[in-house]
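Following: one structure in structure tokens, then a few remarks.
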Amino acid sequence: MALDRRKAAVFGGAFVLRLLLVFLFPSLPDLLTGRVEVSTPVNSFKRLQEGLFLYTRNVSPYDGGVFHQAPLLLPLFTLLPDVKSNPFPTAIFYFLVDLINAHALINISESGQSVQTRLHSAMRKHIRWDGVSIAAWFLFNPFTIATCLARSTSVFTTTGILYAVSNAVDGNSINAVLALGLASYLSLYPALLFIPLVLLCYDQQAQSSKAPNTVVFFVRHGAMLLSSVAGLLGLSCIVTGNFWEFMSATYGFHLLVPDLTPNVGLWWYFFIEMFDSFREFFVGVFWLHLASYVGGFTARLRRQPLFIITSLLGVFAIFKPYPSISDASLYFALLPLYRHLFPLMRYTFFAVSALLYSSLLGPAFYHLWIYAGSGNANFFYAITLVWSLGLSILLADSIFAALRDEWEQANPELQGQEVKQI
């Protein structure tokens, strides 16, 4: 009962905090919606409103060339009152989605998969936070709050990913793949999580019963993922009436990156400076670079599939075409599951310092460039490089700690000793 009271207090406090921010600062959601750190061409609430305006007037939402999000979001938001005349129902809807995501995080934490898997047992498994503490870290994270108040559609992708992982740690492989299919339909990149997610489901089933045939298990779940995405695409075709139009405006937009609106990622400035004759080649190289981490992480960290998923979310926050702080908030939400690795990390201070530095100076540099006219694009891109550097240091350091933990498990007599490569 004490844990239930703590959970109710955390969830209630998070809900009240968001409600107070909207009530006391009614212009804050619109301000955050316009920030490039929070909203991108593929998750912006303003662009969703543009698509919704066209959709409710029986015009293709993709005619304006502004809306690039999944079509099934449109019927969902038609159920809510007009945000201009009555913004609170939409705001409360987003608050509830955040609480749903936090509930999934609690379930992931309580499964113990971060410290004890079928093939690995952490040396410091007693060093951990409980699920409510991790949910509180997520709900009161300023990046999570800003994403929620800005009404970014990334929160729905976050829901799909977290519930895919939550079902996977419980051994519900069908529900896990269906949730991943929803996330992949909304944002495309979560499809790269398929291999570690299925590995997690496989390990859970192998622990509770006889291990299924590996090839058959992967093929069956791959077919389920494709079927779920195909079903959602079929419904989207019914909504829009033109299959190729929404495919090119959504997934084609993700893959080809035609909109170079500034964001916290690495792609936009690079392709602004790129000659058109080389553009297709480097788009392919960037996507290949992003996808290449899946194989490497899976091969090396096979014994910790949940950590593979966590690390890949960190990679996505750095290297995807249109990242925002919502991607970082999702990575930061799962990272506390590995509290036992923190003593093994070496550069936490530098990573946190770089992230705080860029978080505080990023808006200032953008203002100098766009509004004050006393800077240029290099001002903002330089601070996004610092942001990516901070995330990269944190990601690399956590992977080092995970590998060190595996090494100490294999060599317990050398625990705590310095390792040198000769």
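Nothing here was measured: the structure is a model prediction, and the numbers come from that model. Below, each value reflects all heavy atoms present in this structure, side chains not excepted, and no hydrogens, waters or symmetry copies.
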Partners of [X] by salt bridge (charged side-chain N to carboxylate O under 4.0 Å, His left out), sequence neighbours excluded?
X: Arg128; answer: none
X: Asp259; answer: Arg47
X: Arg302; answer: Asp203
X: Asp30; answer: Arg151

By ring-ring contact (aromatic ring centres under 6.0 Å, His included), which residues pair with Tyr251, not counting sequence neighbours?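 Once residues adjacent in sequence are excluded, Tyr251 has no partner under the ring-ring contact (aromatic ring centres under 6.0 Å, His included) criterion.
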Can you list everything that forms a ring-ring contact (aromatic ring centres under 6.0 Å, His included) with Tyr163? Sequence neighbours excluded, please.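 Per chain and number, Tyr163 pairs via ring-ring contact (aromatic ring centres under 6.0 Å, His included) with no residue.
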Are Phe246 and Phe243 an aromatic pair, judged by ring center distance below 6.0 Å? yes
With a 6.0 Å cut-off on the ring centroids, do Phe286 and Phe270 count as close?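 So the answer is yes for these two rings.
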Worked check of side chain to side chain contact (heavy atoms under 4.5 Å, CB included) between Asp98 and Thr144: CA-CA 8 Å; Asp98 263 6; Thr144 305; 3.7 Å; yes
Using side-chain heavy atoms (C-beta onward) and a distance below 4.5 Å, is [X] in contact with [Y]?
X: Leu72; Y: Tyr185; answer: yes
X: Val115; Y: Leu337; answer: no
X: Phe140; Y: Val10; answer: yes
X: Val165; Y: Leu334; answer: no
X: Phe307; Y: Asp405; answer: no
X: Leu180; Y: Pro190; answer: yes
X: Leu312; Y: Pro196; answer: yes
X: Trp268; Y: Phe380; answer: yes

Can a donor-acceptor pair be found, under 3.5 Å and without considering hydrogens, that links the side chain of His68 to the backbone of Gly65? yes
Donor-acceptor pair, distance only, cut-off 3.5 Å: does the side chain of Ser39 make one with the backbone of Val36? no
Could you label the plane-to-plane angle of the Tyr293 and His289 rings as parallel, tilted or perpendicular, counting under 30° as parallel and over 60° as perpendicular?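 It falls in the perpendicular class, over 60°.
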Does a side chain donor of either [X] or [Y] reach within less than 3.5 Å of an acceptor in the other side chain?
X: Asn101; Y: Thr159; result: yes
X: His254; Y: Lys320; result: no
X: Thr157; Y: Ser187; result: yes
X: Ser329; Y: Asn141; result: no

Can you name the closest pair of heavy atoms from Trp129 and Ser109 and give their distance? O-OG, 3.8 Å
Taking all heavy atoms of Ile383 and all of Gly362, pick out the closest pair and write down the distance.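 Smallest heavy-atom distance, with atoms named: CG2-CA, 3.7 Å.
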Show every donor-acceptor pair shorter than 3.5 Å between a side-chain atom in residues 364-379 and any protein atom, with sequence neighbours excluded, or say none if there are none.
{"residue": "Asn376", "atom": "OD1", "partner": "Asn378", "partner atom": "N", "Å": "3.0"}
{"residue": "Asn378", "atom": "OD1", "partner": "Tyr269", "partner atom": "OH", "Å": "2.3"}

Could I get the full list of side chain to side chain donor-acceptor pair (under 3.5 Å) partners for [X], not counting sequence neighbours?
X: Ser44; answer: none
X: Asn86; answer: none
X: Ser60; answer: Glu245

Working for side chain to side chain contact (heavy atoms under 4.5 Å, CB included), residues Phe253 and Tyr322: CA-CA 10 Å; Phe253 189 85; Tyr322 295 108; 3.6 Å; yes
Evaluate the side chain to side chain donor-acceptor pair (under 3.5 Å) criterion for residues Asn263 and Thr40: first the C-alpha distance (whole Å), next the side-chain angles of each, then the deciding distance (0.1 Å), finally the verdict. CA-CA 7 Å; Asn263 53 61; Thr40 69; over 6 Å; no
Can you run down the side chain to side chain donor-acceptor pair (under 3.5 Å) pairs that involve residues 338-350, sequence neighbours left out, and say none if there aren't any?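 Non-adjacent pairs meeting side chain to side chain donor-acceptor pair (under 3.5 Å): zero.
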Partner residues of Phe15 under the side-chain contact (heavy atoms from CB on, under 4.5 Å) criterion, sequence neighbours left out: Leu19, Ile92, Phe95, Leu96, Leu99
